[in-house]
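Inspection log for the structure reproduced underneath, given as structure tokens.
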Protein chains: 2
Amino acid sequence: MSAASLRARVRAEMTDEIKAVARRHLAADGANLSLRAVARDLGMASSAVYRYVASRDDLLTWLIIDAYDAVGAAAEAAEAAVDRADFTGRWLATCHAVREWALANPHEYALIYGSPVPGYRAPADTVAPATRVGRLMGRILADARPDPGEPVEGPLAAELDAVAAEVAPGVSAAAMGRGMAAWIHLFGAVSFELFGQLANAVDERRAFFDLQMRGAAAVMGLARAPGS
Amino acid sequence: MSAASLRARVRAEMTDEIKAVARRHLAADGANLSLRAVARDLGMASSAVYRYVASRDDLLTWLIIDAYDAVGAAAEAAEAAVDRADFTGRWLATCHAVREWALANPHEYALIYGSPVPGYRAPADTVAPATRVGRLMGRILADARPDPGEPVEGPLAAELDAVAAEVAPGVSAAAMGRGMAAWIHLFGAVSFELFGQLANAVDERRAFFDLQMRGAAAVMGLARAPGS
DNA sequence: GTCCGTCAAGAGCAGTGCTCGCAATCACGT
DNA sequence: ACGTGATTGCGAGCACTGCTCTTGACGGAC
């Protein structure tokens, strides 16, 4: 009948359902989700889900890939809504989108940007989606044509050039280094806020984050946003 | 006999021994250390260690406090060895000390700067040791008397002033904001390196980190290190 | 010398990831 | 149209976890 056999289609639906329930459990209980519990929620024996999921780590990998895709999509959507010439605006839209997604999905954020879960080794499937936000930032940086700055010395220069060639063509090694500083700054700020390092220090979370990311934009050498 | 009764002394020794074994297990297996396993290593029944440890979370809290103290001590020792007038040098010494401690004790680092372990709520005892590295950075910043910069607006300014009053007296809100940017940058960079976000991007880890932290020093407004 | 606090042990509960054999079912190829 | 074989689900079971409770024994304090 269909291109995919009925069996395969039912199987795909089943795996989707497992993923959905697992994501719900992840949101509720964090990374210590239990296969047995999702099996219970699905109304079937724990051993039955092993027909679809190779292991608990396998299930986590699915969720990790989905999470990377979700932040990436959120960031891209927010960035796309900004005037292409407003580089700082594009950068800030990206930052706030990432932060808001993280606040809305804290456990999923922790899954991808927190400490690796013990005994878990990230398979190769996860590296491609993981680069999505970085690539978006690279595009902004390349469009902004930042000041090349003083040349970087040593073997590091070649590596930064390689990174630039991959995500931000035409950007110098030094500017790429500053771009990665902003990248680190972004996820560092979100992680600190989410993981509680800002407790008892700053309550104006959004304003603080905004200040931080504007500073990062300046370091990167993005043009000042129109009307700010 | 002694000031502390014999009972209390034996008890203290026992808890120290438990902590030591637990730290060994943490280093080997990560945050999913099991009380039963450390009990086995100690040659006693799992139920016996509950005489000394209230719960697994309690044990984790001990290790967290120790870890905060250990990074703090490592950073302070490295920073103390640098000429007081060389602010950038003091900053870089702090950064590299933190990074090297983290590389040597990855699981302990993950415990304190990674995602919070699921279901674990950090007790109040952990907040004091947690500020140790931040306070050290504050002292460097205050000594460097950075440019006040443009005033920060809104309620955030008061919060930044309060933070400055606590860790870096005499520093303006804007400069404090830049100092916190460096703070975030430091731990963001270490976390990214340790948690695998730099994989397939940069191999010259130390040189990259050094470049990043020199950039952070510049952003903070520290004086350029003598002879660099 | 008795007494009571402290300690360690064992059994047990509820939960986990994961495996394996058995039974049923149901889409598919002939 | 039908037999069949792959696919699915189940239950029992293993080894493990955190944690509780009871029981027995040791030993310092009075």
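Here is how names work: the chains are called A, B, and so on, in the same order as the sequence lines, proteins then strands, and each is numbered from 1.
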Q: Just compare dC18(C), dC10(D), dG12(C) and give me whichever is closest to any side-chain atom of Leu35(A).
A: dC18(C)

Q. Counting side-chain heavy atoms from C-beta on, which of dT8(D), dG18(D), dG17(C) comes nearest to Arg11(A)?
A. dT8(D)

Q. Roughly, in whole Å, what's the span from CZ in Arg56(B) to P in dC16(D)?
A. 17 Å

Q) Between Ala37(A) and Ala48(B), which is nearer to the 5' end of DNA chain C once each is assigned its nearest nucleotide? A) Ala48(B)

Q: Identify the two heavy atoms, one from Leu63(B) and one from Lys19(B), that lie closest to each other, and give their separation to 0.1 Å.
A: CD2-O, 4.0 Å

Q | Note: Glu166(B)-Arg135(B) ion pair, threshold 4.0 Å (strictly below) | A | yes

Q.
Is Tyr52(B) close enough to dT6(C) that one of its side-chain N or O atoms is under 4.0 Å from OP1 or OP2 there?
A. no

Q. Counting side-chain heavy atoms from CB outward, which of dG17(C), dT20(D), dG9(D) is closest to Tyr50(B)?
A. dT20(D)

Q) Looking at dG10(C), does its base get a donor-acceptor pair with the side chain of Ser47(B) below 3.5 Å? A) yes

**Q.** Arg51(B) CZ to dT22(D) P, straight-line distance once rounded to whole Å
**A.** 12 Å

Q | Candidate nucleotides dC18(C), dT17(D), dG11(D), ranked by approach to the side chain of Ser34(B) - the nearest | A | dT17(D)

Q | Nearest-angstrom distance from the residue atom CE of Met14(A) to C1' of dA27(C) | A | 18 Å

Q) For the pair made of CG in Leu33(B) and C1' in dC16(D), what is the distance, rounded to whole Å? A) 14 Å

Q) How long is the line joining CD1 of Ile18(A) and C1' of dG9(D), in whole Å? A) 12 Å

**Q.** Whole angstrom value for the distance that separates C1' of dT16(C) from NE2 of His25(A)
**A.** 14 Å

Q: Could you check whether Ser55(B) gets within reach of a base, just the sugar-phosphate, or nothing at all, counting any heavy atom under 4.0 Å?
A: sugar-phosphate

**Q.** Under-4.0 Å salt bridge between Arg139(B) and Asp143(B)
**A.** no

(Q) On the nucleotide dT17(D), are OP1 or OP2 found under 4.0 Å from the side-chain N or O atoms that Arg40(B) carries? (A) yes

Q: Determine whether any donor atom in the side chain of Arg36(A) lies under 3.5 Å from an acceptor atom in the base of dG15(C), or the reverse, and answer yes or no.
A: no

Q.
For Tyr109(A) and Phe187(A), take the angle between the two ring planes, folded into 0 to 90°, and tell me which bin it lands in: parallel under 30, tilted 30 to 60, perpendicular over 60.
A. parallel

Q: May I ask you to decide whether Arg206(B) forms a salt bridge with Glu193(B), counting only side-chain N to carboxylate O separations under 4.0 Å?
A: no

